[in-house]
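The sequence lines fix the lettering, A, B, ..., with proteins before strands; numbering per chain opens at 1.
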Amino acid sequence: MATVSTVLSNERAVAPVRRPRSARRRMLLLADVAGLSPTLLLYGLFIVIPVLFAIFLSFTTWDVVGPLRWVGVANWSRFFSDPGAHHALLVTLELVGLSWLVETPLAMALGLFIAGTQRYRSVYAAIYLLPLLLSTAGIALMWQGVLSPEFGGLAWFSFHLKLSFLNQNWLGSPGITLYVLVVIIAWQFVPFHALIYQAGRRAIPREMYEAARVDGASLAQTFRYVTLPQLRYTIVTSSMLIVVGSLTYFDIIFILTEGGPGDTTRVLSLYMYDTGFLQTEFGYASVLAVVLAVLGIAVALLLIRLTGFGKMDSGREGIW
Amino acid sequence: MSAATASPAVFEAVASRPIAARVVRDGGGRTRRRRATGVGGGRAARFAAFVLGTVWLVIVLLPIYYMVLASFRTQGQYLSGNPWLPTGGLSLSSYGTVFSATGLGIDFRNSAILTLATIIIVVLCSLGAAYRIVRRASHFAAVSFRLILFGLAVPIQAIIIPIFIIVVKMHLYDTLIAVILAASASLIAVAVLLMVNYVRAIPRELFDAMTVDGAGEWTVFARLVWPMARPVLAVVSIFAGLGAWNNFLLPLILTQSNANSVLPVGLYKVASTSQYGIDVPVVMAAVLLSVLPLVLLYFGLRRQFVQGLGGFAIR
C-alpha cells in the first residue's frame with residue numbers, strides 16, 4: 001500500500017512514457033512465459049505427459065526390461081473378461097457406497113454442530129481436526145495397534161469386560177474387514193467433511209432462520225425446509241469429494257490388509273499397483289489406471305451436470 | 001485529576017485495537033460472539049447436540065489416547081498391562097529406540113527436506129503463475145490456466161506408472177529430487193487456484209496505478225503482488241507442506257533405499273520388519289514423533305491450517 005501511494009504521489013506519473021504497442025505486447029507475453037513456465041514445466045512433465053503416456057501404455061505390453069510392444073486393444077479385452085478386475089471394481093464400488101453412507105450423515109451432523117457459536121464447540125472443532133494432521137500411514141499403524149488380536153485395545157475389552165464380540169480378527173476376517181476399513185477411513189475423513197458442512201451452514205443467511213422462527217417452525221421443520229435445501233451445494237461438494245476420494249483410495253488398505261484376506265479388500269487402485277509394480281505388467285496396469293481416472297472424472301462430471309454447479313465454485317463456497 | 005480520567009480512556013483505546021483486529025480476522029459474517037441461530041434453539045436439542053458432539057470427541061480421541069499411552073511403555077509393559085490405563089509403569093525407552101535403533105532419524109531429515117523444498121517450489125511457481133493468469137495479458141496465460149484446471153480432475157494414482165517410468169528415464173529413481181518434483185506437480189494445480197482466487201481480490205486500480213506510472217511487470221509483482229499475497233502464502237504453504245509431509249504413494253514408488261526414505265514410508269517399513277512389527281510401543285512412538293511438528297504448528301496457526309486443509313476440498 002505504501003508503495004502504491006508513493007507511486008501515485010509521484011509527479012512524473014502524469015505522463016508515462018508509452019512504449020510502442022507491439023513491443024509492449026511482446027514484453028507482456030515474455031512476462032507470461034516467465035511467470036507460467038516453471039508451473040507448466042512441472043505440470044507437463046508429471047501430469048500431462050503421464051496422462052497421455054498412461055493411455056498409450058494401455059495399448060502395449062511392457063515389463064520395463066523387455067521391449068515395448070503394441071498390442072492394440074488386447075489389454076482392454078482382457079479387462080472385460082478378467083474376473084479379478086471385475087471383483088476389484090465391485091469392492092471399490094462397495095467401498096465408495098459405504099463410505100458415502102457412513103460419512104455424509106455424520107459429517108453433516110458434526111458440521112452443523114461445530115457451526116454453532118458456543119465456545120466449547122470451537123474447542124471440540126479444533127480437536128476434531130487432529131486426524132487430518134496424521135499421515136495415512138500413521139493412522140493405519142495406530143489402528144493396527146488398537147485392533148490387533150490378543151494384545152490390541154479392543155481385544156483387552158473382550159477379555160476383561162467379557163465383551164467377546166470384540167475379540168475378532170478385525171483386519172483378517174473376510175466378512176468384516178472391508179467394514180473395518182470403512183470405519184477407519186471415516187475416522188480420518190469425517191472431520192474434513194464436517195469442516196465443509198460447517199462453512200456451508202455458516203453461509204446460510206441468518207434471516208432465513210428468523211423467518212422460520214416467526215412462522216413457528218419446529219426444529220425438524222427448520223432443518224427440513226431451511227438448512228437442508230440451503231446446503232444442497234455443500235452436499236454435492238462433499239459427496240463428490242467422498243466418491244472421487246474413495247475411488248482412488250490406496251494408502252490405508254495397502255498398509256493394513258494389502259487387499260486381503262483373500263481378495264476381499266482388493267480395490268481397483270491396489271489391483272493396479274499389484275499388476276504394475278509386483279507383476280510388472282505395465283500395459284494391463286495402465287488399463288486399470290485409465291479406468292480409475294475415467295470413473296473419477298465421470299462421477300465428478302455427472303454430479304456437476306446433475307446439479308448444474310461447478311466444482312470450482314462449490315469448492316470455494318465450502319471453504320472460502 | 002485530568003490525568004486520572006484520561007488514563008482509563010487511553011487504556012480503552014489501546015485495548016479496543018486488538019479486539020477490532022480480531023473481529024476482522026474472524027472473517028466477515030461469521031462472528032464468533034453471535035448467539036446460535038435457529039437450529040440448536042431448544043434446550044433439549046442443544047443437550048442432544050452436546051451429547052453427539054462429545055461422543056464423536058471420544059471417538060476421535062480414543063485411538064489417539066491409546067497410541068500415546070502405548071508409546072510411553074516398554075514392550076513388556078504393553079503386553080502385560082492394561083492398554084487403556086497408565087498402570088504398571090511408564091517409560092520413555094520406546095522414544096529412545098525410535099532414534100537409536102530404527103534408523104528413522106534419516107527419514108525425519110528427508111521428510112523435512114522434502115517438505116521445505118516442496119513448499120518453496122509450489123509457492124513460488126503458483127504465485128508467479130497466478131499473477132500472470134490474473135493479469136490476463138495474453139492468450140497464452142488463459143490457455144495455461146485451462147490446462148492447469150484440467151489437472152484437478154486427474155487422480156495421482158492413475159498416473160503413477162508413467163510418473164515412475166519418467167523418473168527412471170530421467171535417472172532420478174531413488175532420489176529425493178524425484179519425490180520433490182512429483183509431489184510439487186501433484187499439488188500445484190490446487191495451489192494455483194488458491195492463489196488466483198486471492199490475487200484476483202487485489203483491486204484493479206492498484207495494478208493500473210502502477211502500470212500508468214510506467215512500472216514494469218516485474219516491479220508490479222515484487223512491490224504489489226508479493227507483499228499483498230503474504231496471507232495466502234501461509235495457507236498455500238500449509239496445504240503444500242501437509243501434502244508433502246504425509247505423502248505415501250509417491251515416495252513408496254519413487255524411492256527404495258533407506259538413505260532416501262521419508263517418514264510415512266519409513267514408518268510402514270519399520271512396522272513391517274519382524275523386529276519392530278510386534279513392538280507396538282516403538283511404532284506408536286514413531287508415529288507420534290512424525291506428527292508432532294504438525295500438531296505444534298496446528299495449534300499455533302489454526303486459522304491458516306483450516307484454510308490450507310480447504311485446499312484439499314478443491315482437489
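For B:Val60, the parts lying under 4.5 angstrom from a heavy atom of chain A are both the backbone and the side chain. With a 4.5 Å cut-off on non-hydrogen atoms, B:Leu263 does not touch chain A at all.
Scanning all heavy atoms of the two residues, the minimum distance from B:Arg302 to A:Ser122 falls at NH2-O, 3.5 Å. Here the closest non-hydrogen pair linking B:Ala185 and A:Leu42 is CB-O, 3.7 Å. Of all heavy-atom pairs between B:Ala141 and A:Leu36, the closest is CA-CD1, 3.6 Å. Taking every heavy atom of both residues into account, B:Ile59 and A:Trp187 meet most closely at O-NE1, 3.0 Å.
A distance of 9.5 Å separates CG in A:Leu130 from CG in B:Leu57, rounded to the nearest 0.5 Å. Of the inter-residue distances, the one linking B:Ile160 atom CD1 with A:Ser269 atom OG reads 11.5 Å to the nearest 0.5 angstrom. Atom CG of residue A:Leu45 and atom CD1 of residue B:Ile163 lie 9.0 Å apart, to the nearest 0.5 angstrom. A distance of 7.5 Å separates OG of B:Ser138 from CG of A:Leu28, quoted to the nearest 0.5 Å. Taken from CD1 in B:Ile166 to CZ in A:Phe53, the straight-line distance is 6.5 Å, to the nearest 0.5 Å. Considering CG of B:Leu52 and CG of A:Leu110, their distance stands at 5.5 Å, rounded to 0.5 Å.
Relative ring orientation between B:Phe50 and A:Tyr120 is described as perpendicular, the plane-to-plane angle rising above 60° on a 0-90° scale split at 30° and 60°. Between A:Tyr128 and B:Trp56, the ring planes lie perpendicular to each other; the angle is over 60°, past the 30° to 60° tilted range. Between A:Phe277 and B:Phe164, the ring planes are perpendicular. Angles over 60° get that label, and only those under 30° would be called parallel.
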Exercise. Could you walk me through whether B:Val167 and A:Phe46 pass the side chain to side chain contact (heavy atoms under 4.5 Å, CB included) check?
Worked result: CA-CA 9 Å; B:Val167 163; A:Phe46 288 99; 4.0 Å; yes

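Options B:Leu124, B:Thr54, B:Leu127, B:Leu62 differ in how many heavy-atom pairs under 4.5 Å they form with chain A, and the most are formed by B:Thr54. Chain B forms more heavy-atom pairs under 4.5 Å with one residue of A:Tyr124, A:Trp62, A:Trp143 than with any other, namely A:Tyr124.
With hydrogens and angles disregarded, a donor-acceptor distance shorter than 3.5 Å links the side chain of A:Tyr43 to the backbone of B:Leu147. Judged by distance alone, with hydrogens and angles left aside, the side-chain atoms of A:Asp32 form no donor-acceptor pair with the main-chain N or O of B:Phe140 at under 3.5 Å. The closest donor-acceptor contact from the side chain of B:Glu217 to the backbone of A:Ala31 lies at 3.5 Å or more, if one exists at all.
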